[in-house]
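Written out below as structure tokens is the structure these notes cover.
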Amino acid sequence: MPKKNQTTVTEFILLGLSSDPEMQIFLFSVFLVIYLITLGGNIVIMVVIRAESHLNTPMYFFLFHLSFIDICYFSVTVPNTLRNFLAVHKIISVNGCIVQMFFILLSGGAEILILSVMAYDHYAAICDPLRYMQRMSKGICVQLVSGAWAISFFHALLNTVFTFKLHFCGPNQISHFICELPPLLQLSCTVTLTNQVVLLTSVLIFGSSSFLLTLISYIHIISTILRIRSAEGRRKAFSTCSSHLIVVVLFYLTGFLQYTKSSSVSSVMLDEMFSIQYSVLTSILNPIIYSLKNKEVKTAVGKMLRKLKFLK
């Protein structure tokens, strides 16, 4: 329990990635470029998918929502990070920090589940193509996406409610560029055992269920691909899901380590590397891997650009 003479902290100082002014300007430029590319790339993907009727398929329906999630995730974290790179006082209110944490958990959780749903979509397309449209009807796709958001909301809300019960009395410096739950627990003046149990339990249940869905899907996918006699057929099937598998592994591995590792092995540099990997690099890779390498999407983008040029 907090003592009566302890001062309640009302704001946190985000120390960020560097205290060197020149490095901060460099990081501002890098993050700004990444943000603009990610924002622009995902908006283009969403517009193209909505505009082109031949992209009205389950795979692109999920890709549309994945792009929307990436925009939400970046918009929650990057603008404040950019401001702090140039600000003298890099502060954020306690409530603002917790709210940012909520949206990070919400959008991050939704992305994990959408990636799992996309793995199931690959499974249905490769392993049971004759019943693909029955398995992945429009109604089922809507239910899967709605379920992903609902589960992620519950997961984020559960951890946020317990975080609001914490008391912060100092220090108020977070050695990070965004507000995530593990660093907040380390600053609490009250016992955080309940928060740690809730976090670990929810991450394990939430993460393991989505990981299990992805793993089972890919076990069936790989088994089916290996039975394809044609080498060209195997190559095409593998190329369909290999990029998705790489992003899933990177996202799961870094996110899982960030939220389940013990505080005794916590490292500021390690935390920031994990966060940059699963929050920044994964988001910018998504539009490139899932769309810009896709022939149908590139053709649709070219068609849209020609239309815009014609209108001028």
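- Residues satisfying the side-chain hydrogen bond (donor to acceptor under 3.5 Å, both in side chains) criterion with Q24, sequence neighbours excluded, are K90.
- When hydrophobic residues (I, L, V, M, F, W, Y) are linked wherever their side-chain heavy atoms come within less than 4.5 Å, the members clustered with L212 are I216.
- Checked options V76, T160, L106; the residue passing with M101 is T160 (criterion: side chain to side chain contact (heavy atoms under 4.5 Å, CB included)).
- Between F12 and F168, the distance from one ring center to the other falls under 6.0 angstrom.
- The salt bridge (Lys or Arg N to Asp or Glu O under 4.0 Å) pairs that include a residue from residues 157-168 number zero, where partners must be two or more places apart or lie in different chains.
- Every residue two or more places apart in sequence or in another chain that forms a side-chain hydrogen bond (donor to acceptor under 3.5 Å, both in side chains) with T214 is listed here: S116.
- Residue pairs satisfying the disulfide (SG to SG under 2.5 Å) criterion with at least one member in residues 9-111, sequence neighbours excluded, are listed as follows: C97-C179.
- Residues satisfying the side-chain hydrogen bond (donor to acceptor under 3.5 Å, both in side chains) criterion with S223, sequence neighbours excluded, are R227.
- Note on residues 130-144: pairs passing side-chain hydrogen bond (donor to acceptor under 3.5 Å, both in side chains), not counting sequence neighbours, are Y120-R135, D121-Y132, D128-R131, D128-R135.
- A side-chain N or O of S202 and one of N159 form a donor-acceptor pair less than 3.5 Å apart.
- For residues 26-38, there are no salt bridge (Lys or Arg N to Asp or Glu O under 4.0 Å) pairs, not counting sequence neighbours.
- Residues satisfying the ring-ring contact (aromatic ring centres under 6.0 Å, His included) criterion with F153, sequence neighbours excluded, are F102.
- Contacts of R229 classified as side-chain hydrogen bond (donor to acceptor under 3.5 Å, both in side chains), with partners at least two apart in sequence or in another chain: none.
- Both W149 and I104 belong to a single network of hydrophobic side chains, linked directly or stepwise wherever heavy atoms of I, L, V, M, F, W or Y lie under 4.5 Å apart.
- The aromatic rings of F206 and H155 lie parallel to each other, their planes meeting at an angle below 30°, with 60° marking the opposite boundary.
- Identified under the disulfide (SG to SG under 2.5 Å) test for residues 10-55, with sequence neighbours left out: none.
- For residues 197-239, the set of pairs meeting the disulfide (SG to SG under 2.5 Å) definition, not counting sequence neighbours, is empty.
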